[in-house]
Asker: 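Once you've had a glance at the structure underneath, I'll fire off some questions.
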Amino acid sequence: MYAFDKGPILVTGASGGIGGATVRQLCAAGAEVIANGRNEEALAELAKETGCRTLPFDLTSEDSVKAAMDGLDIYGVVNCGGWGGEIATPMETDIEVFDKVMNINARGALLVTKYASQTMIRLGKGGVIVNVSSQASLVGLRGHISYGSSKAALDNITRVSALELGEYGIRVNGVNPTVVMTPMSAWYWGKPEIEKPFLDTMPLGRWATEDEIAAPIVFLLSDAASMISGVSLPIDGGFTAV
Ligand SMILES: NC(=O)c1ccc[n+]([C@@H]2O[C@H](COP(=O)([O-])OP(=O)(O)OC[C@H]3O[C@@H](n4cnc5c(N)ncnc54)[C@H](OP(=O)(O)O)[C@@H]3O)[C@@H](O)[C@H]2O)c1
């Protein structure tokens with residue numbers, strides 16, 4: 001359906017649920033994929049299954065990101081690596097958790113964007129970046145002071161990067177998913193007293209699957225989205241629309 005023939009696509013968070021699904025869909029569509037995470041065993045399994053390359057590095061270390069991406073020719077990036085942090089109010093937040101969640105979700109994505117965009121500009125073929133944000137950046141969600149703030153920062157990274165990189169033919173977009181029952185989210189959103197009232201307010205009334213997040217990411221990476229840049233696309237069953 002899509003042709004991914006312009007160069008490799010780096011997917012961070014590939015050892016996790018949504019990133020792994022994105023790698024599987026991209027490889028099935030014929031893309032050359034470089035899968036990142038820290039868990040080398042999980043990445044090796046994914047490589048065996050899909051034929052992707054692997055590139056472990058730590059999003060919190062600029063040295064690690066820079067060394068991994070030095071001389072790496074890529075056309076696309078999915079910034080999917082992330083951390084859920086805490087469920088806490090502004091009154092009780094652990095500010096060290098805030099720092100860490102900002103560090104991984106916003107600063108980490110910016111570091112990858114920094115070195116990837118330098119490469120894309122050097123190669124002169126344009127490029128595409130998709131940032132995996134969250135519904136938690138679009139509306140105020142209880143308990144999400146740190147995580148929601150980190151994803152709101154990521155949405156701004158999307159907008160400003162789209163502005164700055166457009167002249168090089170590089171598109172930058174974000175997706176804002178609702179909950180997928182990966183280990184990152186199940187411990188909180190799986191509680192009946194949290195799950196039911198939330199789903200009762202969502203038009204589609206159910207959680208997303210990993211593949212339902214991966215498919216719009218793949219679309220935004222493809223030339224089918226060639227005139228789309230700077231958007232934050234909710235994939236939330238209509239939750240933020242009502
Ligand atoms: N699940 C949801 O409900 C949901 C909803 C909306 C948005 N999101 C976002 O979607 C993305 C993926 O979430 P997921 O549910 O698939 O989570 P997941 O299964 O927990 O995966 C998280 C991924 O991030 C990587 N990561 C975390 N810290 C890292 C670091 N310091 N350096 C490098 N990689 C790091 C992990 O790699 P290692 O384990 O190998 O270190 C793993 O691949 C995240 O950005 C998340 O915020 C998730």
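Indexing begins at 1, ligand by ligand and atom by atom, following the structure's order. The analysis underlying the following values was restricted to heavy atoms, covering all of them including side chains, and did not include hydrogens, waters or symmetry mates.
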Asker: In the protein, what heavy atom is nearest to atom 23 (C) of ligand 1, and what distance, to one decimal place, separates them?
Answerer: Gly13 CA, 3.7 Å
Asker: Hey, is ligand 1 close enough to Gly17 that some N/O pair sits below 3.5 Å?
Answerer: yes
Asker: Is it true that atom CD of Glu49 has more than 12 heavy atoms of other residues, nucleotides or ligands lying nearer than 6.0 Å?
Answerer: yes
Asker: Go through the side-chain N and O atoms of Asp58 and Thr60 and say whether any donor and acceptor fall under 3.5 Å apart.
Answerer: yes
Asker: Is a side-chain N or O of Lys125 found less than 3.5 angstrom from the main chain of Lys6, in a donor-acceptor match?
Answerer: yes
Asker: Fit a plane to each ring of Phe198 and Trp189, take the angle between them on a 0 to 90° scale, and name the class: parallel (under 30°), tilted (30 to 60°) or perpendicular (over 60°).
Answerer: perpendicular
Asker: Would you confirm whether the ring centroid of Phe4 sits within less than 6.0 angstrom of the ring centroid of Tyr75?
Answerer: no
Asker: Only heavy atoms of Ser15, strictly under 4.0 Å: list the atoms of ligand 1 that pass.
Answerer: 36 (C), 37 (O), 38 (P), 39 (O), 40 (O), 42 (C), 43 (O)
Asker: Below 4.0 Å, non-hydrogen atoms only: which portion of Ser185 touches ligand 1? Side chain, backbone, both or neither.
Answerer: side chain
Asker: Could you list which atoms of ligand 1 come closer than 4.0 Å to a heavy atom of Thr60?
Answerer: 31 (N)
Asker: Run the numbers for me: atoms of ligand 1, each under 4.0 Å from some heavy atom of Val179, listed by number.
Answerer: 3 (O)
Asker: Looking at atom 47 (O) of ligand 1, what's its closest protein heavy atom, distance included?
Answerer: Tyr147 OH, 2.6 Å
Asker: If we only consider heavy atoms of Lys151, is any one of them less than 4.0 Å away from an atom in ligand 1?
Answerer: yes
Asker: Within ligand 1, which atoms have a heavy atom of Phe57 less than 4.0 Å away?
Answerer: 32 (N), 33 (C)
Asker: If we ignore angles and hydrogens, is there a donor and acceptor under 3.5 Å between the side chains of Ser146 and Glu86?
Answerer: yes
Asker: Check whether Gln25 reaches the backbone of Asp211 with its side chain - one donor and one acceptor, N or O, closer than 3.5 Å.
Answerer: yes
Asker: If you count the atoms of ligand 1 from 1 in the order shown, which ones are under 4.0 Å from a heavy atom of Asn39?
Answerer: 38 (P), 40 (O)
Asker: Looking only at protein heavy atoms, which one is nearest to atom 16 (O) of ligand 1, and what is the separation?
Answerer: Ile18 N, 2.8 Å
Asker: Has Asn173 got a side-chain atom pairing as donor or acceptor with Val231's backbone, closer than 3.5 angstrom?
Answerer: yes
Asker: Is Thr178 touching ligand 1 with its side chain, its backbone, both, or neither, if touching means heavy atoms under 4.0 Å apart?
Answerer: backbone
Asker: Compare Leu59, Asn79, Leu154 and give the one whose heavy atom is closest to atom 34 (N) of ligand 1.
Answerer: Leu59
Asker: Once you restrict to heavy atoms under 4.0 Å, what part of Ser133 touches ligand 1? Side chain, backbone, both or neither.
Answerer: backbone
Asker: Measure Met181 to ligand 1 on non-hydrogen atoms and call it side chain, backbone, both or neither using the 4.0 Å cut-off.
Answerer: neither
Asker: Should Leu154 and Asn105 count as side-chain neighbours, where that means a heavy-atom distance under 4.5 Å?
Answerer: no
Asker: Cys80 heavy atoms, cut-off 4.0 Å: which ligand 1 atoms fall inside?
Answerer: 11 (C), 12 (C), 44 (C), 45 (O)
Asker: Can you pull out the closest protein heavy atom to atom 14 (P) of ligand 1? Residue, atom name and distance to 0.1 Å, please.
Answerer: Thr182 OG1, 3.9 Å
Asker: Could you find the nearest protein heavy atom to atom 17 (O) of ligand 1 and give me its residue, atom name and distance?
Answerer: Met184 SD, 3.7 Å
Asker: Check each atom of ligand 1 against the heavy atoms of Val132 and keep those under 4.0 Å away; list them by number with element.
Answerer: 9 (C), 10 (O), 11 (C), 45 (O)
Asker: More than 12 foreign heavy atoms under 6.0 Å from CD of Glu41: is that the case here?
Answerer: no
Asker: Geometry only, no angles: is Ile104 polar-contacting ligand 1 at N/O separations under 3.5 Å?
Answerer: no
Asker: Are Glu164 and Ile170 close enough, and set up right, to give a side chain to side chain contact (heavy atoms under 4.5 Å, CB included), and what steps lead you there?
Answerer: CA-CA 9 Å; Glu164 301 275 12; Ile170 301 168; over 6 Å; no
Asker: Verify the neighbour count for atom NZ of Lys48: are there more than 12 heavy atoms of other residues, nucleotides or ligands below 6.0 Å?
Answerer: no
Asker: For atom 28 (N) of ligand 1, what is the closest protein heavy atom, and at what distance to 0.1 Å?
Answerer: Arg38 NH2, 3.3 Å
Asker: If you have a sec, work out which protein heavy atom is nearest atom 27 (C) of ligand 1 and how many Å separate them, to one decimal?
Answerer: Gly82 O, 3.5 Å
Asker: Among all protein heavy atoms, pick the one closest to atom 31 (N) of ligand 1 and tell me residue, atom and distance.
Answerer: Asp58 OD1, 3.0 Å
Asker: Quick one: are Val77 and Thr113 in side-chain contact, heavy atoms under 4.5 Å?
Answerer: no
Asker: Does any N or O in the side chain of Ser150 come within less than 3.5 Å of the main-chain N or O of Ala106, such that one atom is a donor and the other an acceptor?
Answerer: no
